[in-house]
Amino acid sequence: MKNIGIVGATGSIGVQATEIIHKYPDAFNVKFLSCHNNINELLSQISILKPEYAVVTGEKSIPKGLTDTKILYGMDALKTLISEMSGELDLVLSAAVGFAGILPTYTALNNGVNVALANKESIVAAGKAMMQTAEKSNAAIIPVDSEHSAIYQCLKGHGNNFIDKVILTASGGPFRYRPSDSMDYVNIGETLKHPNWNMGNKITVDSATMMNKGLELIEAHYLFDIVPDKLDVFIHPQSIFHSIVSFIDGSSLAQMGLPDMKTPISYALGFPERLNWGAEPLSPQLLNGLTFFRPDKKKYPCFAVALKVLEEGKNSLMIVMNAANEVAVDAFLSGLIKFTDIHRVIGDTLELFEPRDISNIDEIILLDNVVREKAMKISKDIGR
Ligand code: NDP
Ligand code: MG
């Protein structure tokens, strides 16, 4: 029986995780669930999974007397709960969206609790601090992101020193076949229609700009300690190969599966066992005609910026890029700026900050706050 807590239980990853957990009442005991503002979804999960605690980090509240589960409010309460409960927790699923996931993720790792990591933004902003903290406290990070789950599985039993290349695949998002000179005219509706995956809004926009793949390269760099030169990306529109690891002896291993996040989620929840959650098997016939091509950096300038930031290797720039991207994506989704302004906001914000190394979490949070203010102003100026 695994004692588990879920941060961001009401999101796309969180809901799929709770569906898997519900199928295995003898394997999981839910200690806590957290949501930001989706109280209805939280209440329905509480009635099914009966956690000891539920935490609401947003503005909303739950009327008294509706449930026996103890309800707490605020990010500080979530942090305290994770740290006080750490002795009883076997796993925390970190599935909040954006930089907001940094404190619960860090708190779990710092207290020696294993983390199933969906929240890539916390590793992008604080990769070194997270990895060092996990190592010190002996906590494992099991990736949920499909590409990183694939790499994790391919690397089992192989040392990093035998790696020649790690190839992350990308779907290319909704605009993969769209001519690059027509990108100025894309609207919110078409951006949110991902061809292969059904995900939260922020990551769906990140997939359309391919910033998602940039964030994922940085995530892979830290999670697996791989130098940027050994990381590569191919667009693979069918999303069957989730990543490929090539070794120095000419062997390549890939992890495949139909594009369904329940596969990597169940892997991270069940590790080291595998859960039979009802996946549709992959027929080899589906491998006929698979395609792979290189991303066009002119069409995906956000991806190009992320590559530069990764190569520069200074994490202040990763924090800036990540925060500016979150602000720009919000500004796009609220209609303030155009799709093609997203990379302008990120580029203009990056110009304002010096490259340096920051490993202290409080300093990272401070810088993130400052960047947000600057990026907001830049978004407003561009959107005017
Ligand atoms: P969603 O937008 O669907 O869900 C986000 C979750 O985070 C919700 O539970 C939401 O609460 C909560 N949340 C929102 N804002 C805050 C905040 N300020 N503080 C704390 N919690 C907050 O996101 P996804 O599930 O799509 O993505 C979650 C993470 O997983 C992201 O980092 C994403 O990049 C990563 N990921 C997602 C994939 C997917 O298929 N969706 C695939 C690979 C990685 P509420 O809804 O209650 O307001
Ligand atoms: Mg991914």
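Ligands are counted one by one from 1 in listed order, and the atoms in each one are counted from 1 as well.
Of all protein heavy atoms, the one lying nearest to atom 29 (C) of ligand 1 is A96 O, 3.5 Å. The nearest heavy-atom contact from the protein to atom 9 (O) of ligand 1 is T10 OG1, 2.8 Å. Nearest protein heavy-atom neighbour of atom 12 (C) of ligand 1: H36 CB, 4.0 Å. Given atom 34 (O) of ligand 1, the protein heavy atom at minimum distance is K120 CE, 3.2 Å. Ranking protein heavy atoms by distance to atom 28 (C) of ligand 1, first place goes to A95 O, 3.4 Å. From the protein, the heavy atom lying nearest to atom 33 (C) of ligand 1 is I203 CD1, 4.0 Å. Here the heavy atom of the protein found nearest to atom 2 (O) of ligand 1 is G200 CA, 3.9 Å. Protein heavy atom closest to atom 27 (O) of ligand 1, with residue, atom name and distance, is I13 CG1, 4.3 Å.
Annotation: S12 places an N or O atom under 3.5 Å from an N or O atom of ligand 1; distance criterion only. On a distance-only criterion, D145 and ligand 1 share no N/O pair closer than 3.5 Å.
With ligand atoms numbered from 1 in the order given, ligand 1 contributes 19 (N), 20 (C), 21 (N) to contacts under 4.0 Å with heavy atoms of T57. With ligand atoms numbered from 1 in the order given, ligand 1 contributes 9 (O) to contacts under 4.0 Å with heavy atoms of G8. In summary, the atoms of ligand 1 found under 4.0 Å from a heavy atom of M261, numbered by their order in the structure, are 40 (O), 42 (C), 43 (C). Less than 4.0 angstrom separates some heavy atom of A100 from each of these atoms of ligand 1: 17 (C), 18 (N), 19 (N). The distance from ligand 1 to the heavy atoms of N37 drops below 4.0 Å at these ligand atoms: 45 (P), 47 (O), 48 (O). In summary, the atoms of ligand 1 found under 4.0 Å from a heavy atom of N38, numbered by their order in the structure, are 45 (P), 46 (O), 47 (O), 48 (O).
If you look at E147 and ask which of its N, O or S atoms sits nearest the Mg ion (ligand 2), the answer is OE1. D145 has its closest N, O or S atom to the Mg ion (ligand 2) at the position named OD1. Taking the N/O/S atoms of E216 in turn, the shortest distance to the Mg ion (ligand 2) belongs to OE2.
Note that the CG atom of L290 and the CD atom of Q238 stand 5.0 Å from one another [nearest 0.5 Å]. One distance of note links CG of L317 with CG of L350; it measures 6.0 Å at 0.5 Å rounding. How far CD of E280 is from NZ of K262: 13.0 Å, rounded to the nearest 0.5 Å.
Between K165 and D232, no side-chain nitrogen of the basic residue sits less than 4.0 Å from a carboxylate oxygen of the acidic one, so the salt-bridge criterion is not met. A salt bridge is defined here as a Lys NZ or Arg NE, NH1 or NH2 lying under 4.0 Å from an Asp or Glu carboxylate O, and K213 with E216 meets this definition. Here R178 pairs with E190 in a salt bridge; the nearest charged N to carboxylate O distance falls below 4.0 Å. K314 and E354 are not joined by a salt bridge, as no carboxylate oxygen comes within less than 4.0 angstrom of a charged side-chain nitrogen.
The local environment of NZ in K202 is crowded, with over 12 non-hydrogen atoms from other residues, nucleotides or ligands closer than 6.0 Å. Residue E373 places its CD atom among 12 or fewer non-hydrogen atoms of other residues, nucleotides or ligands, all under 6.0 Å distant.
Classification of the H236-F241 ring pair by plane angle, with boundaries at 30° and 60°, yields perpendicular.
When heavy-atom distances to ligand 1 are checked against a 4.0 Å cut-off, E121 comes that close only through its side chain, counted from C-beta outward. Of all the heavy atoms of V97, the ones lying under 4.0 Å from any atom of ligand 1 are found in both the backbone and the side chain.
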